[in-house]
Novice: 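Take a look at the following structure, please.
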Amino acid sequence: MTPAIIAFVLLLLIGAPVAVVMAMSGLAGGFAIGGERMLGIIADRMFSGVSGFLLIAVPYFIFTAELMNQGGLTHKLIAFNNALFGRVRGALSHVNISVSVFFAGLTGAAITDTVAIGKIMIPEMKKQGYDAEYAAAITACSSIIGPIIPPSVVMVVYATLLRDISVIDLFAGGIIPGLLMALALLAVSFFLAWKRGYPKQAPTPLKAALMAFLMALPAMIVPLIILGGILSGLTTITEASGFAAVYAIVIGVVFYRTLTWRKIWHSLVITVRFSGVVFFLLATSAVLGWFVTRSGIARDAAGLITTFSDSTFLQLMLVCLLLILVGTVMDVLPALVVVAPVLVPAMIQLGVDPLHFAILMIVVLNISNVTPPVGMTLMTAARIANVPFERAIIASLPFYVAFLVVILLLVVFPSLSTWIPSLLN
């Protein structure tokens, strides 16, 4: 175990890519256990880590999101949500959150949400008198709803890493937590809009609101295709993701007429790049996961957690704090593939429901997207708003507090993440 830990720490300190860190530390640990004969097993582990049929859905989800982005579907969703909130004080602030809820059913990735919505909403919010750092903060914080409300690339990766939970259960389990996060953000948004006197907009005429709804309707059908097919049992997740990509091409080319062959090609290029990163992480995480299983680290981690407290509540809060700390230095997917193989078996040994802990882990790690010093979505939104990252961090603090309340609710009430899956089962 010691060679693996030394390799892991040293490689992280010198700034090696996370995938390389996991591969080399797993290699060092395997060699320490069985010498050269383990090298063949490690190669086999890397192959098996990316050979699952379920993983075909990952590039399809990414491709669908990029098609929606390139085809200008974001504008249609914003216009519809603006018709809903236009007459309310701080309308654009609330629209920013509600659009992210709709967009979550299309993308499954926080950074895609930040870029697609931020490039439109942040300049418009600044133009109407909102503080630039506030516009960046609310865009970044609302975008992390994307990987919680299904479909979710993060959940597909989780189900591949820990195969004791189905993606269907993860998708169903993320619905209520994702909506809770949106409600918490809206509560803060309404309060700050009232306190700071953010502007209202003119009411949208009924005819214009109906037209905005009709134009956004084809885009809003995408989540129904994905979730409806999966939850009803008519399609597998891979088939549903493929149907969604084909549907996105059809409505972008035929209905909206905004999707050109050049944009489709650009979407394919982005899909290949992002998928390559995800699959390389999964291959190397399989090596580290195999070593964690063989070495008994998960058992030791469970024992360490119980030394602090016998209370399940305190144990979960301690693990959440650890996940937040990990998220300050790692992005979501690398953090997930590093900590999940260790923490999940440990928490199951302590009697925690695996689905409850899976949703809790995914929520907490996604909140790290707005946690400095990494905070990729917050950093991206700050660049779009052209404000210093430090000011965006300060502006995001009220929303971060709202997220902490949601985490506390998920810890205290496990049924928030297990109720819908239990109905399906």
Side-chain angles (χ1 to χ4, degrees), residues 65-66 68-70 72-82 85-86 88-104 106-107 109-148 181-182 184-201 270 327-328 331-332 366-403:
E66 286 302 322
M68 292 294 185
N69 194 13
Q70 295 290 328
L73 276 297
T74 314
H75 293 82
K76 309 297 187 296
L77 291 173
I78 289 175
F80 169 59
N81 283 270
N82 202 33
F85 287 104
V88 182
R89 183 169 298 282
L92 287 187
S93 178
H94 318 321
V95 168
N96 203 321
I97 298 168
S98 59
V99 168
S100 290
V101 174
F102 283 99
F103 212 66
L106 308 177
T107 64
I111 196 69
T112 304
D113 190 314
T114 303
V115 174
I117 295 176
K119 286 186 175 179
I120 303 171
M121 292 297 299
I122 291 176
E124 187 62 28
M125 290 179 72
K126 290 169 64 177
K127 187 187 301 182
Q128 292 196 20
Y130 293 81
D131 301 320
E133 58 267 30
Y134 175 80
I138 197 166
T139 301
C141 290
S142 62
S143 69
I144 65 175
I145 298 172
I148 310 301
M181 294 171 73
L185 290 177
L186 281 171
V188 176
S189 174
F190 276 105
F191 173 75
L192 293 179
W194 167 78
K195 184 178 179 181
R196 299 176 183 178
Y198 286 139
K200 298 179 182 180
Q201 293 178 272
I270 293 175
T328 62
D331 201 8
V332 177
N366 273 285
I367 290 173
S368 67
N369 262 314
V370 293
T371 307
V374 177
M376 285 303 298
T377 57
L378 187 60
M379 190 177 296
T380 302
R383 288 174 181 170
I384 296 173
N386 196 25
V387 295
F389 186 40
E390 296 78 11
R391 286 171 55 189
I393 292 171
I394 295 172
S396 67
L397 290 179
F399 301 108
Y400 201 86
V401 172
F403 285 146

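What you see is a predicted model; the values in this text were computed from it and never measured.
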Novice: Can you see which heavy atom on Ala381 is nearest to which on Ala140, and at what distance?
Specialist: CB-CB, 4.0 Å
Novice: Give the ring-plane orientation class for Trp194 versus Phe191, where under 30° counts as parallel, over 60° as perpendicular and anything between as tilted.
Specialist: tilted
Novice: I want to check something: taking the side chain as every heavy atom from C-beta on, are Ile145 and Leu185 in contact at a cut-off of under 4.5 Å?
Specialist: yes
Novice: Do Asp131 and Arg391 touch side chain to side chain, with heavy atoms closer than 4.5 Å?
Specialist: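 Counting from C-beta outward, Asp131 and Arg391 never come under 4.5 Å.
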Novice: Is there side-chain contact between Phe399 and Leu192, with heavy atoms separated by less than 4.5 Å?
Specialist: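 The answer is yes; the side chains approach within 4.5 Å.
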Novice: Counting distance only, does the side-chain N/O of Lys126 pair as donor-acceptor with the main-chain N or O of Ala135 below 3.5 Å?
Specialist: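 Here the side-chain-to-backbone pair does not exist.
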Novice: Report the distance from atom CZ of Arg89 to atom OH of Tyr198, rounding to the nearest 0.5 Å.
Specialist: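 If I round to the nearest 0.5 Å, the distance is 12.0 Å.
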Novice: Taking all atoms of both residues into account, what is the closest heavy-atom pair of Thr139 and Gly118, and its distance?
Specialist: CG2-CA, 3.7 Å
Novice: With side chains defined as the heavy atoms from C-beta onward, is the minimum distance between Tyr130 and Ile138 less than 4.5 Å?
Specialist: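 No; the side chains remain at least 4.5 Å from each other.
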Novice: Closest heavy-atom contact between Asn96 and Ser142?
Specialist: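 Closest approach of Asn96 to Ser142, heavy atoms only: OD1-OG, 3.4 Å.
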Novice: Taking all heavy atoms of Val101 and all of Ala182, pick out the closest pair and write down the distance.
Specialist: CG2-CB, 3.5 Å
Novice: Under a 4.5 Å cut-off applied to non-hydrogen side-chain atoms, are Tyr134 and Ser93 in contact?
Specialist: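 Counting from C-beta outward, Tyr134 and Ser93 do come under 4.5 Å.
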Novice: Given side chains that start at C-beta, do those of Met121 and Val95 come closer than 4.5 Å, heavy atoms only?
Specialist: yes
Novice: Quick one: sort the His94 and Phe190 rings into parallel, tilted or perpendicular, breaks at 30° and 60°.
Specialist: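 Answer is parallel, since the angle falls under 30°.
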Novice: What are the two closest heavy atoms between Ile367 and Ile144, and how far apart are they?
Specialist: CA-CD1, 3.6 Å
Novice: OG1/Thr377 to CE/Met379 distance, rounded to the nearest 0.5 angstrom?
Specialist: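 These two atoms lie 9.5 Å from each other.
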Novice: If you look at every heavy atom in Ser143 and Thr114, which pair is closest and at what distance?
Specialist: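 Scanning both residues, the minimum pair turns out to be OG-OG1, 2.8 Å.
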